[in-house]
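We name chains A, B, ... by the order of the sequence lines, and we start the count at 1 in each one.
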Number of protein chains: 2
Amino acid sequence: MSTRRRGEELEQAILHAAAEELRESGYAEMTMDRVAARAGTNKNAIYRRWPHRAALGIAAYRHLSDAVMPNPDTGTLRGDALEMLRQANQTWSSPHGTVLRDLLAAAADDPTLLDLIRERSGADTMDRAWLTMLERAVARGEAPPTAVHPRVATTPIMLLRAEYAMRGFPSVPDEVLVEIIDEVFLPLVRGRAHP
Amino acid sequence: MSTRRRGEELEQAILHAAAEELRESGYAEMTMDRVAARAGTNKNAIYRRWPHRAALGIAAYRHLSDAVMPNPDTGTLRGDALEMLRQANQTWSSPHGTVLRDLLAAAADDPTLLDLIRERSGADTMDRAWLTMLERAVARGEAPPTAVHPRVATTPIMLLRAEYAMRGFPSVPDEVLVEIIDEVFLPLVRGRAHP
DNA sequence: CTCGTAAGGTACGTCGCGTACCCTATAGGG
DNA sequence: CCCTATAGGGTACGCGACGTACCTTACGAG
């Protein structure tokens, strides 16, 4: 009858189905049977491509996130940083973010998978964005050149992540974001002027 | 025959059995049937006390951790901070830490349980220790009084935590700890001198 | 002594992962 | 143009583990 799908075509269909399940119900509900049914195939086809559920979940995640990478330019370092942090907070507290956190938890004991997640979640791109933001601040004379450092750039995001790990998940309140910037990030940037 | 255990006595037996399972095989292997068998009872007695596996795991965790809280006094802020961070890294990379991380992952969607974990994991005590360490540095004239701030005190630990979330689990290499102190914590403390 | 409460024993429903087996279409080479 | 290796389809199942149901048995308080 209808031509039987193969290779690339089938693979895309499976990924699409898995992504839909992720979007609608989250990782916990993304069962292998449901994905197979939704893709109009069976678990065999899936297990031939991915060794287990977690791998499929991670592979499917990229179909969700179009990774809207913000690049705010408010004129001040404080404004830019707050804006980026707020954006990150919004992403992490959205359904997307919930899925991402669940995937992280599921892959927590497998470094291979963790790398895959980092790759697909756009974390590296995010880190670069913070660095260029710092460079702009240096150009404006708002920050010392020594402030352009990976650890400095990633600190606010790291703190936000840790905040998520501690609390439950509604989302981190804005006061906390402001505090991260005003009490940690900006003092840190200033402090790097005088070694 | 032998007098049947009840109430408090039985409860302790269950917690002890669960803790042993946690120590020997980790949270993933701590199955309800095994705990029941090891405690010489059955699942009924467990489910009458804790609603689900995660709750039992968290309750049992306190039997593991004797919470060795370090209070180093090396004479310098840098020395103290590094020591505390190293201690934390060691704890988190030990079997204990693995259990704790697994519990965190399991409770990640239940704020009630997260609070319980924070309580039992000695996180608050740890935070206080960092604060008093900062106060000592202020007394020595090594840090400005404005550096004594909760966000400042918790930053290194938060960064370490986030580091764990990103990588797999062997343990965080010492260079990273040094970098957290030298490139973030100390500059931050300095930077808080000049608002 | 009796009666409610809690423990013991056991079996079961359910769910979801991962696997096994066998059949069927299809692509690609001879 | 056929034929065979390969991959997809269908289905069933083993298994582990959670959580529940139901009955029986000890214990302690009145």
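- Each of A/G40 and A/D33 lies near DNA chain D, and the nucleotide nearest A/G40 is the one positioned closer to the 5' end.
- Within the 4.0 Å cut-off from OP1 or OP2 of D/dC18, at least one side-chain nitrogen or oxygen of B/T31 is found.
- B/T74 and B/D80 share a donor-acceptor pair across their side chains, judged by distance under 3.5 Å alone.
- A donor-acceptor contact under 3.5 Å links the side chain of A/R48 to the base of D/dG8.
- Rounded to an integer number of Å, the gap from CD of A/E11 to P of D/dG9 is 13 Å.
- C/dC15 atom C1' lies 12 Å from atom CZ of A/R53, rounded to whole Å.
- At whole-Å resolution of the value, CD in A/E29 and P in C/dG16 are 8 Å apart.
- Between A/E8 atom CD and D/dG8 atom C1' there is a gap of 16 Å when expressed in whole angstrom units.
- Residue A/L160 forms a side chain to side chain contact (heavy atoms under 4.5 Å, CB included) with just one option from A/N89, A/V176, A/T155, and that option is A/N89.
- Residue B/R49 is classed as a sugar-phosphate contact, given heavy-atom separations below 4.0 Å to backbone atoms only.
- In this structure, B/R53 is positioned above the aromatic face of B/Y27, its NZ or CZ under 6.0 Å from the six-membered ring centre and within 45° of the axis.
- As rounded to whole Å, 16 Å separates atom P of C/dA7 from atom OH of B/Y47.
- When the nearest nucleotides of DNA chain C are assigned to A/N44 and A/M30 by heavy-atom distance, the more 5′-ward of the two goes with A/M30.
- No hydrogens or angles were tested; on distance alone, a donor-acceptor pair under 3.5 Å links the side chain of B/N42 to the base of C/dG9.
- Between A/K43 atom NZ and D/dA12 atom C1' the separation is 10 Å, expressed in whole Å.
- Rounding to whole angstrom units, CD of residue A/E9 and P of D/dA7 are separated by 16 Å.
- Taking a cutoff of 4.0 Å between a charged side-chain nitrogen and a carboxylate oxygen, B/E142 and B/R136 do not qualify as a salt bridge.
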